[in-house]
Amino acid sequence: MRLRFLVLVVGLCGAQFKPNTGPGRTSIVHLFEWRWADVALECERFLAPHGFGGVQISPPNENIIITNPWQPWWERYQPISYKLCSRSGNETEFRDMVTRCNNVGVRIYVDAVMNHMCGANAGAGTHATCGSYFNAETEDFPAVSYSSLDFNDRKCKSPSGNIENYQDIYQVRNCRLVSLLDLALERDYVRSRIAEYMNRLIDIGVAGFRIDAAKHMWPEDVKATLDKLHNLNTTWFSPGSKPFIYQEVIDLGGEPVTGSQYFGNGRVTEFKYGAKLGTVIRKWNGKKMSYLKNWGEDWDLVPSDRALVFVDNHDNQRGHGAGGASILTFWDARLYKMAVGFMLAHPYGFTRVMSSFRWPRNFQNGTDINDWMGPPSHPDGSIKNVTINSDDTCGNDWVCEHRWHQIRNMVVFRNVVDGQPFSNWWDNHSNQIAFGRGNKGFIVFNNDDWYLNVTLQTGLPAGTYCDVVSGQKKGDSCTATEVHVAADGMALFLISSDREDPFIAIHVDAKL
Ligand SMILES: *[C@@H]1O[C@H](CO)[C@@H](O)[C@H](O)[C@H]1NC(C)=O
Ligand SMILES: *[C@@H]1O[C@H](CO)[C@@H](O)[C@H](O)[C@H]1NC(C)=O
Ligand SMILES: *[C@@H]1O[C@H](CO)[C@@H](O)[C@H](O)[C@H]1NC(C)=O
Ligand SMILES: *[C@@H]1O[C@H](CO)[C@@H](O)[C@H](O)[C@H]1NC(C)=O
Ligand SMILES: *[C@@H]1O[C@H](CO)[C@@H](O)[C@H](O)[C@H]1NC(C)=O
Ligand SMILES: CC(=O)N[C@H]1CO[C@H](CO)[C@@H](O)[C@@H]1O
């Protein structure tokens, strides 16, 4: 009886956990601050042919324009209205992007900012990306429209009106996050305005949403808003498909707000993942890669089918948000590639790859004073195009981690091994580890300071395979290390510790 009830419940609301990616596509990429025109091109020229499932885009709605400091990336997390114009493009360009990406089987996921509007000290005026008037002092946002009735001020009990104490669940959810005007999501009026915005995006063809600052909203208020959402557009999705939902809940433990409180709405962003994996791969506090044998729920992570996972995100790669110094980023490229490789090979969670822009880091007393800097832009504030170099890397200070061949090829690895069990684990009680995914793929890491020379059971059919980390299969040949798997599945692996990328990955689609 109890079991039947459970099955029924899962059947009713299970869809929000499903990413709605096309068949055989198992990862998405966050193209942070990209223009819609460039996202559309990237779907067609790169993401579709390389097996990416979708793109998380920066918030598409109207936001405040901040001039001190000059157009920081975080201004996009300060809504003024739900009109579709932002630094990334206007509504025409947005529709064009969604259509073109969907037409090549790549989905669009919108970063939805529904907890708040702009900062309380933003003044009044039309300094917003669509030029809409607003008055932060009187809490008027006529372009939505919201008035002071629609904000939480009366409910917040902290002296300053801001969140002061993260141990107080009422403050975390009823007060202002860093002075951002906190919407009263208990009001049906507010829920309806937000749902209208999200439904407009769904009708255009988006596949789901990252819910920004979900931790700062009551889960039942988020649920009541999501309950108003349409099913996905049947031009691209099967009838009855619900938007994929993943909620930004920063839960590193030790606070009353937890990720599991939000499972009723969809997945949650698992911030412990990158924080703990970074600590292991950096070998901090005596941590070793051999400890990763039971990686997953045993590490106090949320259940795999409730997790959206990533090595770094746009916040914690610059010291904002959660995770601290252990977070690996493109600035530590060698270790970063190992971490992303591990994430994409391991069955836990739904995976998101980060794609960043470079900024002039400047550490003063341990703090990066340039952590606010927005995307590469022209003097008039317009975002620079993503240019593509002849070697497939990006120009104009776009880092394009997702195009690094090691990461690109591991995205394919994950697609190839999808559904296969975690198998054939090996470790040397130190930082040399290996594991397979059934009979489809196998990966070996050497994060020790000495040579790896070992014969391992791969679980793969006999044959010669091309390592997709040091190169790849091109036609009938391999541009890099070859691995010979014997009839019994055994193969010899040699990885010197000073190799640029001290790991090897092989899969059945890279068999010669
Ligand atoms: C940038 O992209 C736009 C299309 O969005 C194009 O019209 C323009 O020519 C490009 N600019 C440069 C410098 O490539
Ligand atoms: C949207 O932006 C494009 C490119 O800048 C421009 O050509 C077009 O006129 C804009 N459309 C609207 C409705 O503003
Ligand atoms: C779904 O998308 C198609 C193609 O853009 C569009 O014509 C149609 O109106 C959309 N459906 C809804 C319900 O908006
Ligand atoms: C760094 O710390 C020193 C000593 O505490 C202080 O004098 C200086 O102003 C600080 N610099 C910055 C940029 O915060
Ligand atoms: C690997 O180890 C075997 C013995 O176990 C040895 O014969 C061989 O020379 C080693 N290979 C390398 C490249 O060190
Ligand atoms: C503790 C340790 O280092 N164990 C082994 C790690 O792996 C190499 C072979 O790759 C062995 O030689 C070490 O003894």
Side-chain angles (χ1 to χ4, degrees), residues 31-47 55 57-63 65 71 76 80-101 103-104 106 108 126 128-132 143 200-201 203-205 355 357 374-390 392-398 400 403 426-430 432 434 444-446 448-458 467 470 480-486 488 490-504:
L31 298 180
F32 180 46
E33 290 274 14
W34 281 41
R35 297 158 62 246
W36 307 150
D38 284 323
V39 174
L41 288 168
E42 191 70 353
C43 285
E44 294 168 342
R45 71 190 164 199
F46 189 85
L47 300 176
V55 181
I57 55 163
S58 287
N61 62 300
E62 180 174 24
N63 61 261
I65 295 173
Q71 293 216 265
R76 296 188 71 166
I80 294 299
S81 83
Y82 301 127
K83 292 180 185 170
L84 297 180
C85 46
S86 69
R87 261 182 124 181
S88 290
N90 60 30
E91 177 161 352
T92 312
E93 293 164 303
F94 181 84
R95 287 178 181 273
D96 181 59
M97 165 186 72
V98 173
T99 300
R100 287 165 61 190
C101 290
N103 284 347
V104 293
V106 179
I108 298 293
T126 56
T129 49
C130 284
S132 298
R200 195 144 39 89
L201 301 172
D203 290 349
I204 290 171
S355 189
F357 59 79
S377 54
H378 300 287
D380 69 357
S382 61
I383 297 179
K384 282 190 181 169
N385 291 17
V386 177
T387 52
I388 307 299
N389 304 322
S390 58
D392 253 13
T393 59
C394 298
N396 274 348
D397 277 331
W398 297 100
C400 290
R403 279 177 167 259
W426 168 84
D427 68 66
N428 72 338
H429 307 292
S430 185
Q432 299 182 353
V444 187
F445 293 87
N446 180 11
D448 272 328
D449 300 327
W450 57 89
Y451 213 82
L452 177 146
N453 172 358
V454 66
T455 299
L456 299 172
Q457 176 55 251
T458 64
D467 171 25
S470 56
T481 309
E482 292 184 4
V483 176
H484 304 280
V485 175
D488 61 358
M490 302 297 286
L492 170 68
F493 292 91
L494 301 168
I495 307 178
S496 123
S497 61
D498 57 13
R499 215 166 106 151
E500 172 52 26
D501 296 306
F503 64 114
I504 288 178

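Remember, it's 1-based here, ligands and their atoms both numbered in the order they're listed.
The residues D380 and R87 are annotated as not salt-bridged, no charged nitrogen and carboxylate oxygen being separated by less than 4.0 angstrom. Salt-bridge formation is detected for the pair R35/D38: a Lys NZ or Arg NE/NH1/NH2 atom is positioned less than 4.0 Å from an Asp or Glu carboxylate oxygen. In this structure, E33 pairs ionically with R76, as a charged nitrogen and a carboxylate oxygen lie closer than 4.0 Å.
By the 4.5 Å heavy-atom criterion applied to side chains, N63 and S86 are counted as neighbours. A 4.5 Å side-chain heavy-atom check between V39 and C101 finds at least one atom pair inside the cut-off.
With sequence neighbours excluded, the residues satisfying ring pair (Phe, Tyr, Trp, His ring centres under 6.0 Å) with F46 are H50, H402.
Where the criterion is an N or O separation shorter than 3.5 Å, residue side chain and backbone included, N453 meets it with respect to ligand 5.
Applying the 4.0 Å criterion to heavy atoms of N385 picks out, from ligand 1, the atoms 1 (C), 2 (O), 3 (C), 8 (C), 10 (C), 11 (N), 12 (C), 14 (O).
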What are the distances between nitrogen or oxygen atoms of ligand 2 and protein nitrogen or oxygen atoms, counting only those under 3.5 Å?
{"from": "ligand 2", "atom 1": "2 (O)", "to": "N90", "atom 2": "ND2", "distance (Å)": "2.3"}
{"from": "ligand 2", "atom 1": "2 (O)", "to": "E93", "atom 2": "OE1", "distance (Å)": "3.4"}
{"from": "ligand 2", "atom 1": "11 (N)", "to": "N90", "atom 2": "ND2", "distance (Å)": "2.9"}
{"from": "ligand 2", "atom 1": "14 (O)", "to": "N90", "atom 2": "ND2", "distance (Å)": "3.3"}

- Item | Steps toward side chain to side chain contact (heavy atoms under 4.5 Å, CB included) verdict (E91, C85) | CA-CA 6 Å; E91 177 161 352; C85 46; over 6 Å; no

